[in-house]
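What's counted below: heavy atoms across the whole structure, side chains too, no hydrogens, waters or symmetry copies. A note on names: the letters A, B, ... follow the listed sequences, proteins ahead of strands, and every chain is numbered from 1.
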Amino acid sequence: MPELPEVETTRRGIEPHVAGARILRVAVREARLRWPVPPEVNRAAGQLVRRVARRAKYLLLELESGCLIVHLGMSGSLRLVAADAPPGKHDHVDLVLEGGSSLRLTDPRRFGCLLWSDDGHHPLLEKLGPEPLEADFSAGYLHARSRGRRVAVKHFLMDGQVVVGVGNIYANEALFLAGIAPTRPAGRVSLARYTALAEAVRTVLARAIEAGGTTLRDFVGGDGKPGYFAQELRVYGRTGQPCPRCGTAVRGGQLGQRSAFWCPQCQR
DNA sequence: ACTGGCTCCTGAGGGC
DNA sequence: TGCCCTCAGGAGCCAG
């Protein structure tokens, strides 16, 4: 599933081909995504793509006037295809480009979205927290934001208003690296330990981006297959297997609505 | 202001 | 071989 590294990998993959290209038309075959694809996306027709930006897990195709907002949800992908390539069952939208190619949005589970903004602003983007790889994401920030919060630190870390782009896999991995139990209340984590956590988040995400994401390398074959970074996962999906640090069996369980994995020995 | 739970959807994987 | 069941997961939204 696309997490921030996968989205960034997608952005880097498409930008060279899309930036500077002209969108001839927008072909919507299935408008029923997370939110219905609004008719305003047709305003993209005839426009040049200035650049492909990213905010959180949203990809922003900035046009001469207005902006297409794409979220890949759980199972989405955005790929360049030949414009005459026959669309598959889950190929919901094509941005048909001048020159014979299309940027094709595929999303079997339809948790993703394609939206329009006239001015680059959108309610979905307004309340987002800092980018984890930017300077305003720091231990001090996490510490300050978490005071008085009783939610589990894992849930806190996955809250897009706190910090964007940390999905379930990377939250589990970062907490392991930082030695913090996922169940610990966010407000009961010290500044020193948030220092370790902020560093761990950066490390995990940067590594995953280098590896091309956890899932993207195999994305062509279908959804959800592990990619290169999956080989580096230390606790995620490893219930019962030995902790790579101390050998204790990794525990797995539900925390909130999400699966959690941690070493009961190393993480407190 | 917080918190926890629900929801969308479909492919994968397990059990039989 | 095939059917049925359960599960996973991003993140907005809502109720308490």
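For the pair A/Leu128 CG and C/dG10 P, the computed distance is 15 Å after rounding to whole Å. What separates CZ of A/Phe156 from P of B/dA1 is a distance of 16 Å, to the nearest Å. When the P atom of C/dG10 is taken as reference, atom CZ of A/Arg54 falls 16 Å away, rounded to whole Å. Distance CG (A/Asp107) to P (B/dG11): 11 Å, rounded to an integer number of Å. A/Glu126 places its CD atom 13 Å from the P atom of C/dC13, with the value rounded to the nearest Å. Atom CE of A/Met74 and atom P of C/dC7 are 15 Å apart (whole Å). One interatomic measurement links the two molecules: CG of A/Leu157 to C1' of C/dA11, which rounds to 15 Å at whole-angstrom precision. B/dC2 atom P lies 17 Å from atom CZ of A/Arg188, rounded to whole Å.
For the residue pair A/Asp107 and A/Ser77, no side-chain donor N or O sits within less than 3.5 Å of a side-chain acceptor on the partner. Donor-acceptor pairing under 3.5 Å is lacking for the side chains of A/Asp136 and A/Ser138.
Close to C/dA11, at under 4.0 Å from its OP1 or OP2, lies no side-chain N or O of A/Gln161. For the OP1/OP2 pair of C/dG12 and a distance below 4.0 Å, the side-chain nitrogens and oxygens of A/Tyr58 include at least one atom meeting the criterion.
In this structure the side chain of A/Leu48 never reaches within 4.5 angstrom of the side chain of A/Leu63, judged on heavy atoms.
In this structure, A/Leu72 reaches neither bases nor backbone, as no heavy-atom distance under 4.0 Å exists between it and the strands shown. Within the nucleic acid shown, A/Gln254 comes within 4.0 Å of sugar-phosphate atoms alone, with no base atom in reach, counting heavy atoms only.
The backbone N or O of A/Arg43 sits less than 3.5 Å from a side-chain atom of A/Gln47, completing a donor-acceptor pair.
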Per-nucleotide protein contact string for nucleotides 3-9 of chain B, where B marks a base within reach and S marks sugar-phosphate only (heavy atoms under 4.0 Å, - for neither): SSBB-BB

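With salt bridges taken as basic N to acidic carboxylate O contacts below 4.0 Å, one links A/Asp94 and A/Arg29. Residues A/Arg51 and A/Glu62 are paired through a salt bridge, judged by an N-O separation under 4.0 Å between the basic side chain and the carboxylate. One finds a salt bridge joining A/Glu8 and A/Arg54 here, because a Lys/Arg side-chain nitrogen approaches an Asp/Glu carboxylate oxygen to under 4.0 Å.
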